[in-house]
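Below, chain A is the first sequence line, B the second, and so on; all start at residue 1.
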Amino acid sequence: MRLSEFFLPVLRETPNEAQIASHRFMLRAGMIRQSSAGIYSWLPLGYRVLKKIEAIVRDEQNRAGAHEVLMPTIQPAELWRESGRYDDYGKEMLRIKDRHGREMLYGPTNEEQITEIFRAAAKSYRDVPKLLYHIQWKFRDEVRPRFGIMRGREFLMKDCYSFDLDFESSKRAYNKMFVAYLKTFERMGLKAIPMAADTGPIGGDLSHEFIILADTGESEVFCHRDLMQMAVPQGVDYRADLQPIVDEWTSVYAAADEMHDPATCPVAEADLVSQRGIEVGHIFHFGSKYSKPMGLSVTGPDGVDTDVIMGSYGVGVSRLVGGIIEASHDDDGIIWPDSVAPFHVGIVNLKAGDADCDSMCADLEQKFRNAGLDVLVDDTGERAGAKFATMDLIGLPWQVVVGPRGLKDGQVEVKRRSEGERMALTPNAALDRVVSGTMLDPATTGLFPG
RNA sequence: CGGGGCGUAGCGCAGUCUGGUAGCGCACCGGUUUUGGGAACCGGUGGUCGUUGGUUCGAAUCCAAUCGCCCCGACCA
């Protein structure tokens with residue numbers, strides 16, 4: 001991709017409304033633009049990241065055995081009357097009327113919708129267990145949207161729903177999602193802490209929040225230091241018993257500040273870690289909360305009808321874009337993890353128009369692309385300083401600087417964004433260094449061909 | 001929903017107190033010299049000062065209403 005042909009409206013100065021790092025950098029790097037309070041447009045750079053995060057979330061859901069559907073953003077009020085939430089949900093729900101005066105709403109979540117779909121299809125105990133998810137825009141009319149994309153009113157969420165015959169089976173679904181979440185966040189370069197949580201308005205009695213650690217996070221979490229070291233399981237067989245993994249992760253103390261009481265905390269002070277974090281996922285087991293009022297039951301092997309046991313499992317996909325930036329940036333800009341970087345490498349042509357520089361850049365671009373990397377070539381006429389500043393701002397993991405000075409000695413320069421120093425290498429060595437140093441994620445490579 | 005703040009050019013701001021018809025930096029356009037960490041100079045383009053109403057000979061400035069946005073708190077993926 002050539003920068004001269006791309007749409008990357010970077011801002012040199014920070015818009016007045018942006019207070020936190022992720023919001024500032026997302027605006028400055030031309031990733032998003034605000035439409036109204038808590039509602040944003042995604043520009044090409046931001047959209048690439050959003051799509052890559054979505055792809056990783058999707059991949060882990062699929063691995064865990066969930067099946068993707070796509071439900072509408074607009075739902076009929078009757079559905080929500082069935083569950084009793086039409087009145088309970090309050091002003092956060094955006095209610096609208098269609099031309100016939102029929103009451104509709106812009107979905108803040110989809111329990112009712114999925115329950116309706118499933119109850120129409122599932123009649124027998126043989127129809128469960130099932131896991132269905134979708135990745136769809138939600139709208140919650142927050143009183144106070146803030147922090148840019150982190151707490152918008154419109155946001156992209158992955159929500160998965162489980163359907164089981166009994167608690168034991170439902171617990172297995174819960175465990176699948178628990179483990180899938182550990183893996184999802186790790187793939188994005190994040191340290192996520194699962195924490196026992198209040199069940200909130202969705203209700204139920206088994207619930208965990210997943211908090212990613214970031215110094216600028218909005219809530220404080222306390223946990224045993226062992227949790228920081230704990231390794232995310234690799235090569236998980238989702239058909240196997242996952243209870244030991246969940247037990248391992250939940251046996252260690254972790255609590256949000258409202259749940260944490262220093263007086264009763266079982267962890268010795270020396271072992272207690274206090275960190276700021278951002279909630280990016282939440283899983284609930286809620287039993288028959290929706291199936292019972294909405295009449296979702298199946299006939300058991302004994303011929304007796306029984307309420308289907310459900311759970312729901314959310315990931316804030318758009319919030320993760322901000323969350324990753326909060327967890328990974330410096331004064332100059334964003335530092336993307338390889339898996340979600342909008343481009344893996346940025347080639348800076350210091351003298352666009354110079355035949356040698358141009359052809360070296362074109363050659364490198366082609367070779368990087370052949371290796372499966374996404375490449376952005378700055379072929380604009382900007383001055384060197386401005387190009388470097390832009391590259392640092394948009395945070396591509398690698399920068400390759402091609403200039404007449406280096407080319408004279410047959411060299412280009414390679415900079416790892418996270419480390420900062422530049423090293424002079426031959427073009428082939430640079431290629432090697434970058435390609436071998438990039439962890440390509442199977443779910444996000446090739447997502448943006450060309 | 002309680003408390004606070006702000007709306008003046010694409011972005012950052014001054015001007016408002018004390019009314020006299022809008023300015024600075026960056027960006028943008030043209031030119032010259034430059035060119036390896038956000039160049040310098042010269043010359044330009046761009047704003048019904050959020051909106052509506054009022055006071056006044058005259059309103060960015062005073063008054064009223066209204067809309068929008070941000071921050072702190074309570075609430076949330």
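Within a heavy-atom distance below 4.0 Å of RNA chain B, the residues of residues 400-424 of chain A found are V401(A), G403(A), P404(A), R405(A), G406(A), E413(A), K415(A), R422(A). If you check residues 333-353 of chain A against RNA chain B, the residues with a heavy atom closer than 4.0 Å are L350(A), listed by number. In the region residues 16-34 of chain A, proximity to RNA chain B at under 4.0 angstrom, judged on heavy atoms, holds for N16(A), E17(A), Q19(A), R28(A), Q34(A). At a non-hydrogen distance threshold of 4.0 Å, F147(A), M150(A), R151(A), G152(A), F155(A), M157(A) from residues 147-160 of chain A come into contact with RNA chain B.
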Please enumerate all protein N or O atoms sitting under 3.5 Å from an N or O of nucleotides 39-46 of chain B, with distances to 0.1 Å.
unit_1 : atom_1 : unit_2  : atom_2 : d
A39(B) : OP2    : R383(A) : NE     : 3.2
A39(B) : N9     : R383(A) : NH1    : 3.4
A39(B) : N7     : R383(A) : NH1    : 3.0

For nucleotides 1-4 of chain B, list the nitrogen or oxygen atoms of the protein found under 3.5 Å from its nitrogen or oxygen atoms, one pair per line.
unit_1 : atom_1 : unit_2 : atom_2 : d
C1(B)  : OP1    : K91(A) : NZ     : 2.9

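Listed nucleotides C26(B), G37(B), G73(B) differ in distance to R146(A); the shortest reach to its side chain belongs to G73(B).
Sorted by first and then second residue, the side-chain hydrogen bond (donor to acceptor under 3.5 Å, both in side chains) pairs with a member in residues 3-14 of chain A read S4(A)-D379(A); sequence neighbours excluded. The list of side-chain hydrogen bond (donor to acceptor under 3.5 Å, both in side chains) pairs with a residue in residues 428-438 of chain A, not counting sequence neighbours, reads W398(A)-T438(A).
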Output side-chain donor-acceptor pairs under 3.5 Å for residues 337-348 of chain A, partner residues at least two apart or in another chain, one line each.
unit_1  : atom_1 : unit_2  : atom_2 : d
D338(A) : OD2    : M439(A) : N      : 2.9
S339(A) : OG     : R187(A) : O      : 2.6
H344(A) : ND1    : D374(A) : N      : 2.9

In a table with atom names and distances, give each donor-acceptor pair under 3.5 Å that connects a side chain of residues 31-40 of chain A to protein atoms at least two apart or in another chain.
unit_1 : atom_1 : unit_2 : atom_2 : d
R33(A) : NH1    : L27(A) : O      : 2.9
R33(A) : NH2    : P9(A)  : O      : 2.8
Q34(A) : NE2    : S36(A) : O      : 3.4
Y40(A) : OH     : H23(A) : NE2    : 3.4

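F25(A) is linked by a ring-ring contact (aromatic ring centres under 6.0 Å, His included) to H329(A), counting only residues two or more places apart in sequence or in another chain. Partners of F388(A) by ring-ring contact (aromatic ring centres under 6.0 Å, His included), not counting sequence neighbours: none found.
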